[in-house]
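All of these numbers come straight from a predicted model, not from anything done at the bench. Within every chain, numbering begins at 1; the chains are lettered A, B, ... in the order of the sequence lines, protein sequences first and strands thereafter.
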Protein chains: 2
Amino acid sequence: MKPPSEKSAGRRKSRPSFEPLQPHEIELADFFVRMAGILGVPRSVAEIYALLYVSSGPLDFDHIQGRLGMSKGSVSQGLKFLRDHEMILSVKEKGARRERWQPTPSLAASLVALLRSQVLPALEQAQPGLQRVLADAQQRGAQPEVIERLSRLNRWNSRALELAPLLLPPPGA
Amino acid sequence: MKPPSEKSAGRRKSRPSFEPLQPHEIELADFFVRMAGILGVPRSVAEIYALLYVSSGPLDFDHIQGRLGMSKGSVSQGLKFLRDHEMILSVKEKGARRERWQPTPSLAASLVALLRSQVLPALEQAQPGLQRVLADAQQRGAQPEVIERLSRLNRWNSRALELAPLLLPPPGA
DNA sequence: GCCTAGGTTCAAAATTTATTGAAACATCAG
DNA sequence: CTGATGTTTCAATAAATTTTGAACCTAGGC
């Protein structure tokens, strides 16, 4: 209820008002959205990443929300996803309360981390089940053709699990 | 309305009645469903593939529908998808009307074809857009950091397009 | 402690995607 | 041609996923 004592001396508080995405920004966002779609990553996440990717400096929460015109919830969840997959970094300025975000230096590394997080758990979880399916088939005296298929599947799974830590190292390298 | 003249001499016509999936079949289906999910392939498609994969001989439309308990439409669309991506082969017996299906010999090749069909079009379609975004940034005198990022993205896209036909050859090899 | 800027959570709403089933189509035997 | 079998199409429905927004935390300044 109290009227603002200062007009707008530099720290605006009420209506930040961000401009909508420019055509070139939209184009890049479309690209990221499409690519993300292949991996099942939601549109909002791709949009956030794209915005950070074309922006010169790190952006804070409100900028992202404002420029993309998306809800707080989506921005929060999107940043969480990108953080969890090591696709963005926070740049905290000393004495400042807000965090500001920028893309991780290597997009390649980011993608690898992303794939890793999707494929690895599936492979690991499948391991015992696949072995059981093969054993079962052998026990039942299934056709050699089927046994062969299931064996190959098992070998693949094992090899993939062995190779994974080499191709997709967690922290060090 | 006419009563069956023959009891069940071998060709049953009214109630084929297929048995539901066995535990070991379900386990394998779960694996394929999970993996397919990563690539955005629908559950029903993965289930069909899994069933063909554990089955000894080729299966016809009705068997697939019956054992998976899914609708005609889903089976038809699923088979179309698998056909289009060269993941299954039809084995037509001479004189028989129905087609019978079995998985392509190489699952690896199938997966490659699948990836190809998802990623390549996206890369191709993105090419001009990405170039435009980069040109735009240069023209606007954007930060060197941003220019560098966009350049790298362009180089990647180009290289991926060059490599694609080598890694993922369409017919011959 | 108390207040507030900054951010998270999560159930409900909106949107997207997959599945169904009835009608249309195709192909072959007679 | 006719009738039956085998398959595809596609609008309607169901299911899964994403987005929203309001309530709820949390840390830091006073």
Side-chain angles (χ1 to χ4, degrees), chain A residues 1-2 4 11-16 18 29 32-34 36-49 51 58-84 88 90-101 118, chain B residues 1-2 4-5 11-16 18 29 32-34 36-49 51 58-66 68-84 88 90-101 118:
Chain A
M1 293 298 184
K2 69 180 173 202
R11 69 192 66 195
R12 56 246 107 67
K13 186 179 271 187
S14 33
R15 284 164 286 117
F18 298 97
F32 279 119
V33 166
R34 195 188 304 273
I38 294 174
L39 289 170
V41 174
R43 154 177 294 270
S44 62
V45 173
E47 286 180 349
I48 293 173
Y49 188 85
L51 177 58
L59 301 184
D60 66 32
F61 195 106
D62 286 353
H63 274 260
I64 297 169
Q65 185 187 355
R67 296 221 52 211
L68 293 175
M70 81 180 37
S71 70
K72 265 186 163 198
S74 285
V75 173
S76 177
Q77 288 174 188
L79 288 176
K80 177 171 177 14
F81 180 99
L82 292 169
R83 243 186 283 131
D84 289 352
I88 57 175
S90 112
V91 180
K92 258 203 202 106
E93 286 174 48
K94 68 171 185 179
R97 196 96 89 79
R98 343 187 97 192
E99 298 205 271
R100 302 169 71 219
W101 302 94
Q118 300 226 288
Chain B
M1 292 297 187
K2 70 181 173 201
S5 47
R11 69 193 67 194
R12 55 243 104 71
K13 184 179 273 186
S14 33
R15 283 164 286 118
F18 299 96
F32 279 118
V33 166
R34 194 189 302 275
I38 294 174
L39 290 171
V41 174
R43 153 177 295 269
S44 62
V45 173
E47 285 180 350
I48 293 173
Y49 188 85
L51 177 58
L59 301 185
D60 67 33
F61 196 104
D62 285 353
H63 272 261
I64 297 169
Q65 184 186 357
L68 293 175
M70 85 181 32
S71 70
K72 270 186 166 195
S74 284
V75 174
S76 176
Q77 288 173 191
L79 288 176
K80 176 172 177 12
F81 180 99
L82 292 169
R83 242 186 283 130
D84 289 351
I88 57 175
S90 110
V91 180
K92 258 202 203 109
E93 286 173 48
K94 68 171 185 179
R97 196 93 90 81
R98 347 185 96 193
E99 299 205 90
R100 301 169 71 220
W101 301 95
Q118 300 226 287

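Counting to the nearest Å, the P atom of D/dT7 and the CD1 atom of B/Ile48 are 13 Å from each other. Here D/dT8 presents its P atom at 11 Å from CG of B/Asp84, a figure rounded to the nearest Å. Per the geometry, CG belonging to B/Leu68 stands 15 Å off C1' belonging to C/dA18, to the nearest Å. Summarising the geometry, the separation between CH2 on A/Trp101 and C1' on C/dG6 is reported as 12 Å, rounded to the nearest angstrom. Rounded to whole Å, atom C1' of C/dT9 lies 18 Å from atom CZ of A/Phe81. C/dG7 atom P lies 13 Å from atom CG of A/Leu59, rounded to whole Å. Rounding to whole angstrom units, CG of residue B/Leu39 and P of C/dT17 are separated by 16 Å. Remark: P of C/dA18 and CG of B/Leu79 are 17 Å apart, rounded to the nearest angstrom.
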Whether each nucleotide of nucleotides 15-30 of chain D has a protein heavy atom under 4.0 Å at its base (B), only at its sugar-phosphate (S) or at neither (-) is summarised, 5' to 3', as ---SBBB------S--

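Both A/Arg98 and A/Lys80 lie close to DNA chain C; mapped to their nearest nucleotides by heavy-atom distance, the more 5′-ward contact belongs to A/Arg98.
Checked for salt-bridge contact, B/Arg98 and B/Asp60 meet the test: a charged N lies under 4.0 Å from a carboxylate O.
For the pair B/Glu99/B/Leu79, no side-chain contact is recorded, criterion being any heavy-atom separation below 4.5 Å from C-beta on. Looking only at side-chain heavy atoms (C-beta outward), B/Trp101 and B/Pro58 stay at 4.5 Å or farther from each other. Taking 4.5 Å as the limit, every side-chain heavy atom of A/Phe61 sits out of range of all side-chain heavy atoms of A/Arg100.
With sequence neighbours left out, the side-chain hydrogen bond (donor to acceptor under 3.5 Å, both in side chains) criterion links B/Ser74 to B/Ser71. Not counting sequence neighbours, B/Arg34 has no partner by the salt bridge (charged side-chain N to carboxylate O under 4.0 Å, His left out) test.
Within the nucleic acid shown, B/Arg100 has no heavy atom closer than 4.0 Å to any nucleic acid atom.
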